[in-house]
Structure formats: C-alpha cells, structure tokens
Amino acid sequence: MMTFQEQIKQGIPVELPLIKKYNTAINHAPKRKDILSKAEKELAIRNALRYFDKEHHVILAKEFASELKEYGRIYMHRFRPDYKMYARPINEYPGKSEQAKAIMHMIQNNLDYAVAQHPHELITYGGNGAIFQNWAQYLLVMQYLSELEDDQTLIIYSGHPMGMFPSHKNAPRVVVTNGMMIPNYSKQDDWEKFNALGVTQYGQMTAGSYMYIGPQGIVHGTTITLLNAGRKISKKGEGLAGKLFLTSGLGGMSGAQPKAGNIAGCITVCAEVNPKITEIRLSQGWIDEKITDLGKLVVRVKKAKENKEVISIAYLGNIVEVWEKFDKENLYVDLGSDQTSLHNPWAGGYYPVGITFEEANEMMANNPDLFKEKVQESLRRQTIAINKHTERGTYFFDYGNAFLLEASRAGADIMAENGIDFKYPSYVQDIMGPMCFDYGFGPFRWVCTSATPLDLEKTDAMACEVLEELMKNSPKEIQQQMADNIQWIKGAQENKLVVGSQARILYADAEGRMKIAEAFNNAVKNEKITAPIVLGRDHHDVSGTDSPYRETSNIYDGSQFTADMAIQNVIGDSFRGATWVSIHNGGGVGWGEVINGGFGMVIDGSIEAGKRLKSMLFWDVNNGIARRNWARNKGATFAIKRAMEVEPKLKVTMPNLVDDSLLQDLF
Ligand SMILES: NC(=O)c1ccc[n+]([C@@H]2O[C@H](COP(=O)([O-])OP(=O)(O)OC[C@H]3O[C@@H](n4cnc5c(N)ncnc54)[C@H](O)[C@@H]3O)[C@@H](O)[C@H]2O)c1
C-alpha cells in the first residue's frame, strides 16, 4: 500500500485503479443537461482521454461515455483517491516549496467531505462551484505542486494544469483562470456545453481559487448584513430581539444564515428542500430545530416571537410555501431574503414549488424546457407572496443570488416604477457597499497551515489586539464597523465556526489587514505560531469583483457593467507578491454576469513576506476604493483621502462633483 506522499507524487496512477461504487450516502451534483451533439460527445471523450496512456483508452472511453450519459459530465470517478480528503498539517505534504505545500493544504480543504457540497464531483459550493473538472486534473495538480520549486509557476486553465513554467521567487507559484470566455460565449448554455466538453469550468469565487473555508466565511458577512439591516429597520434604536428573518437555503453559503441570525440575535426561519443538506446543518449545530410541517412552523414561530427567543429553525420544504403560509396567517416578517442558487437556475440552483425534490431533479435533466417553465412560475408565485409582505412593512433584500434578476426575467412583478430598477435593493446597494466596501472593509481571512486549533486561537487574540489598538484612533465614520468586527473576533472561538481547516474570517480595512498580517508574520518568525499562515479573502470584496447586481451594485456612474477593476486587481496582486492569483468568470450571480478575482499569500515569517504583505494588501484594497471614489461614492472618497495621507506614493484621480441644477435643461 502506497503512503499518502507516494500517492501524491505519482500523479495519475500507471495501473488503472479499481472502479469506484457510486456512494449514495454522499451529496451528489444533479445530473447535468444533455447538451452535446454526437460529434461533440466524441470530442468530449477524446478530450478526457488526453490525460491517460493509450493502453487504457479502450476501457476508459466506454467508462467516460457512460459517465457523460449518466451524469452529463465526465468526472473520472475511478481516479478519485482513496485517502481521506482534508487539510493536513503542511509538513505532511511532499514537496520542495513551502508555498506549494500550503496550496495543497488549501486544495484538500476545498474537497473535504465536511466542507464541499458535492465532493465526488469536485464541487465546493454554489451547486456548480468547481475546484477541478475531473479527478485527473486533481491528481496532476497535486503532483505538479509536489515537484514545484520557488522559481517556477504552475499555470491552471479552468482546473487543467497546463504546466510549470520557469519564473522567479517573487512571482506567484500558481496562476489560475476559471471560465474565462470570449464575451459572446458566456451564456448559461455555453457553460453547460463547454464544461461538458471538458474545456472550462465555473470556479465560483473561492472554490476555483482554493480559498473557501466553509460557511464560516459567509457567517461573518451575513452577521454584519443582518446587524446593519436590523439598524435600518430599527425605529427607536431597539435591536433584533423577537424579530423574524425569513429566508431560504442551507447550502454552502446560505447555510450560514441561521448561525448569523443567532449571533445577530433574531428568530431565523430558513427553508431548504434538500433533506440531506438539512441533516448536515442540523448535525453541525448550524440550525437549532428542524420542522417539516407548515402548521407546526407557524405555531413555533409565534411562540418564539412571544418569548423573544434567539432561535434558528429549518423548514424542510419549499420557500414559496413559507412566504405564502406566513402571509395567510398574518405572521409579520421583519427581514426577508432568499439564498437559493439562482445564479444557476436551470441546473439545480432553484427548486420550483409544487413538485417534489426528486421530481425536480428528474425533470431538469430529462425535460429541461418544462423545468424552466416551473422555475419561472415558482419565481412569480414567490414574488407575489413577498410583495404582500413588503406592503405590510417587511424589509426585503436580494442576497446576491440573482433572485431579483431571475424573477424579473420570469416576468414577476419585481420592477420599480421607473422600469429600470428593481423594487428591492440588493444587500450590497443598501448595506455592504456604502457601509463596508466603500471604506475598504471586506472579508479578509487566514488559515493556519499547522492545522492546530491552538495556532488559530493565538491568531484570533493577535487580530483582536490589533483592531482594539487601531480603534483607539479610528475616525467616527468607521467606528461602528470596527466595533462589529472586534465583537465578532471576540466571539469567534465560542461560536465554534471552524469546519475544515483552521481558518478565520474577519472583516477589516486596508490598515487592519496589513497590521494583522504583519503581527502574524512576526509570530511565525518568533515561532509563537508553529507554521506558515495563508492570507486570503473572499472575492466578494472591495476590489476583487465587478458584478453589477452585487459587489458593484452601488456604483452609479455606469461603470458597474465594466470589469476593469477585477482584472487590474488580479494583475496588480500578481506582481506585488501574491503566492497565487485567480480570475474567474461568473462567481456568485452567474456565468457571464460577473468577473471576480482573488489571491492567496503564504507568510512564513521572512523579511520578504513582510514586504510582500504590505505592498500587496495596500493595493488589493485601495484599488477598489479608488474606483469607488471615482464613481463619486462618498465613503470611498473619505477612505482614499485617508489612504493618500498615510502613503505619499499614492496619488489618485479625484472626481469633481456636478450641481444637479446644471443638468436640468441640457436636453
Ligand atoms: N451570502 C452571501 O453573502 C452570498 C455571497 C455570495 C453569493 N451568494 C449566493 O447565494 C446563493 C446560495 O449559495 P450557496 O453556496 O448556499 O448555494 P447552494 O447551492 O449550496 O445552496 C442553495 C440551497 O438552496 C436550496 N434551494 C433551492 N431552491 C429552493 C427552494 N425553492 N426552497 C428551498 N430551498 C431551496 C438548495 O437545495 C440548496 O441547498 C448563490 O447564488 C450564491 O452565489 C450569497
């Protein structure tokens, strides 16, 4: 029996491994659409066989053809390794580069069964957020990383390792692109087709960049969103106690909502159609109670309201039923949202009301046209019910899942009177944009590659100390953000947020990120922390993502439909010291709807790491602030002026504001 290290080093095995049985206990990706013509199917097989020695082609051609038929994709299940998939301590990985080993740690975390949504299909979250397209790519990438030296760069095209190229020690070790298409080939069905051909993938945001850290990443953002939404609806400064938040989805990111609801202190009802996912969240303690009957749900929620309980309830069923039932029962919903995967509406992201979960899975593969009709009908019904609630005062916001966009495409009554805007704001327009991103606050994160909880505990304490120190002199404009983040990091250990790697998320601005990272680098140098730390962030941040219906939805100068910022960001990160960079088409709200990028940076206690982190983190945040300032966002103008005072080498073009009256009679 080969050791773990030997298996990594061998890459694709020379002898064919035994066929793997389909494990029904695992949550699997739905069957994908049968979209390829006969000739294209042959091309898909020819493409897949490129990874294997000719002597295996006869067996594998048949096997891959049957995978394509059965699942709509070629995953190469036989090649899935037998070892346990999780973020091992960095010293357990074979290799010549600490940076490369840290990347292996991150990749394995993204495929950990406790972390990934469909681990056997290499999907980390969001229904189609792939880390690789097939197991051959995984095996090859891990092998390359075990050979990579610090003067080489591994190039990855949508999961496929094109190869290692000579570079230099300050260059990124890995450069990833996911789903980058010629713009005219970026429709939903283009993804279906080119992904089935094996030439592209949907990397979501942190899946295809190895930076996903389980639902914790999103718990923090969701907590901040809920706290600030609570402040918006607060009439006399009262908090969220006894108030009801109704939403849907217990998946990769949506699963964070009930936990965030508990931290923010409200009653959360979250509908989820998938029984397996509901059980996982229950067993992880991410929801308090599960209810399968609508009548019982109403009784339970009324009781929770009376007693002002802080509680999260999963309703196993369709969200549309809950909106309708609560309307019928006159149950007041204070905050409402939706986190079904509507960025992926036709392939399992949204389950229509009125048919069972199983029927829906069958229909989307075998009768996609009817399925599409059902989804659109369901969205119209959901919107009617939501509108009734908002007429009574519910504050409804889009949660970046393309709900408003798809509801509008379905012909639902969701447009504002001007016919251009939606009736409801996105959470970025109303909350995250003006309150966080414009000031540079975003989802900074780190991972302790020692894989020890003690290291994480120490980093939490260090980060808290840094923020408390910074808060003493921070301007009033950002005091609330600082206070929320300090409260978060103080409660992080107690809230038991870790699933998978020893990781932490903490919203911080450029100064906070740089100071925290510097403290970590010193701690690694002084051996207070026992192994290098990986720094990163969600792409859902100040600068990393151009997405007109989400991250950049509070940009109002027309440039929200451009993607210069995300591209500039990833290029800038790559030559300022990132260990790996990635740029993706389609994360979050859907293929063709967004360009997003991110980075990973390994800090090992060295002087070089100290220099790199300052240079890159300063750029990584201030690029976006500069752009938001140019778009005339007030908070960003405040923040960029502050940044220019601190860094004399920064000089940003400032916008001149125009009097409204000047424009009135021009045309
Ligand atoms: N929270 C955020 O800040 C944030 C950030 C980025 C993206 N998003 C978006 O939120 C969406 C959800 O992300 P995810 O990772 O949780 O996806 P996911 O696919 O893992 O989870 C969505 C869940 O919704 C369930 N579902 C679908 N239709 C339903 C219905 N009608 N009723 C009840 N349940 C239903 C699915 O079974 C699934 O478990 C995505 O579109 C994602 O892009 C949210």
Side-chain angles (χ1 to χ4, degrees), residues 27 29-30 115-118 123-129 202 204-207 212 214-215 217-226 246-260 269-281 286 314-323 337-345 347-357 360-361 364 374-375 377-379 381-382 385 397-406 426-428 431-432 436 442-443 505 507 538-541 545 547 549-551 586-591 593-594 596:
N27 187 31
V115 174
Q117 185 185 16
H118 307 307
I123 300 292
T124 303
Y125 71 94
N128 54 358
Y202 188 79
Q204 270 283 10
M205 298 186 136
T206 50
Y212 187 70
I218 215 76
V219 176
H220 186 26
T222 313
T223 306
I224 287 180
T225 306
L226 282 179
L246 172 59
T247 185
S248 58
L250 287 173
M253 282 185 287
S254 48
Q257 296 175 104
K259 186 113 188 164
V269 172
C270 192
E272 168 59 62
V273 286
N274 186 333
K276 271 187 194 146
I277 294 193
T278 312
E279 278 317 308
I280 290 176
R281 292 293 176 229
W286 285 67
Y315 169 68
L316 180 57
N318 202 293
I319 181 63
V320 182
E321 295 163 4
V322 188
W323 281 111
S337 195
D338 187 275
Q339 256 196 74
T340 55
S341 275
L342 273 162
H343 68 272
N344 176 32
Y350 181 89
Y351 284 82
V353 67
I355 54 173
T356 65
F357 180 61
N361 282 333
M364 73 182 80
K374 294 270 177 211
V375 166
E377 193 184 303
S378 182
L379 282 170
R381 238 173 97 176
Q382 186 169 344
F397 56 97
D398 182 284
Y399 219 135
N401 60 339
F403 174 79
L404 295 175
L405 185 66
E406 285 306 332
S426 91
Y427 71 120
V428 175
I431 299 168
M432 298 304 283
C436 297
I505 170 128
Y507 267 60
D538 193 344
H539 298 193
H540 175 56
D541 195 7
T545 297
S547 178
Y549 299 104
R550 210 169 75 181
E551 284 78 356
V589 289
W591 184 251
E593 307 283 358
V594 37
N596 67 94

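Just so it is clear, the values below take in all heavy atoms, side chains as well, and ignore hydrogens, waters and symmetry mates. Order of listing sets the numbers, starting from 1, for every ligand and every atom in it. Just so you know, residue 1 is the first one in the sequence shown, and it goes up from there.
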Residues forming a ring-ring contact (aromatic ring centres under 6.0 Å, His included) with [X], sequence neighbours excluded:
| X | answer |
| --- | --- |
| Y351 | F357 |
| Y507 | H220 |
| Y315 | none |

### Task
Let me see the working for F403 and Q339 under side chain to side chain contact (heavy atoms under 4.5 Å, CB included), right down to the final yes or no.
CA-CA 8 Å; F403 174 79; Q339 256 196 74; over 6 Å; no

### Test side chain to side chain contact (heavy atoms under 4.5 Å, CB included) applied to L404 and Y549, step by step
CA-CA 9 Å; L404 295 175; Y549 299 104; over 6 Å; no

### Message
What I'd like to find out is whether the side chain of L405 reaches to under 4.5 Å of the side chain of D398, using heavy atoms alone.
### Response
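Side chain of L405 against side chain of D398, heavy atoms only: no contact under 4.5 Å found.
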
Nitrogen or oxygen contacts under 3.5 Å, ligand 1 side and protein side:
from     : atom 1 : to   : atom 2 : distance (Å)
ligand 1 : 1 (N)  : Q339 : OE1    : 3.1
ligand 1 : 1 (N)  : Q339 : NE2    : 3.2
ligand 1 : 8 (N)  : R550 : NH1    : 3.4
ligand 1 : 10 (O) : Q339 : OE1    : 3.4
ligand 1 : 15 (O) : G126 : N      : 3.4
ligand 1 : 15 (O) : M253 : N      : 2.9
ligand 1 : 16 (O) : G252 : N      : 3.4
ligand 1 : 16 (O) : M253 : N      : 2.9
ligand 1 : 16 (O) : S254 : N      : 2.7
ligand 1 : 16 (O) : S254 : OG     : 2.6
ligand 1 : 17 (O) : S341 : OG     : 2.8
ligand 1 : 19 (O) : Q117 : NE2    : 3.3
ligand 1 : 19 (O) : S341 : OG     : 2.7
ligand 1 : 20 (O) : Q117 : NE2    : 3.0
ligand 1 : 20 (O) : G252 : N      : 2.8
ligand 1 : 21 (O) : S254 : OG     : 3.4
ligand 1 : 28 (N) : Y351 : N      : 2.9
ligand 1 : 31 (N) : N318 : OD1    : 3.2
ligand 1 : 31 (N) : N318 : ND2    : 3.4
ligand 1 : 31 (N) : Y351 : O      : 2.8
ligand 1 : 32 (N) : I319 : N      : 3.1
ligand 1 : 34 (N) : V273 : N      : 3.4
ligand 1 : 37 (O) : E272 : OE2    : 2.5
ligand 1 : 39 (O) : E272 : OE1    : 2.7
ligand 1 : 39 (O) : E272 : OE2    : 3.1
ligand 1 : 41 (O) : H343 : ND1    : 2.7
ligand 1 : 43 (O) : G588 : O      : 2.8

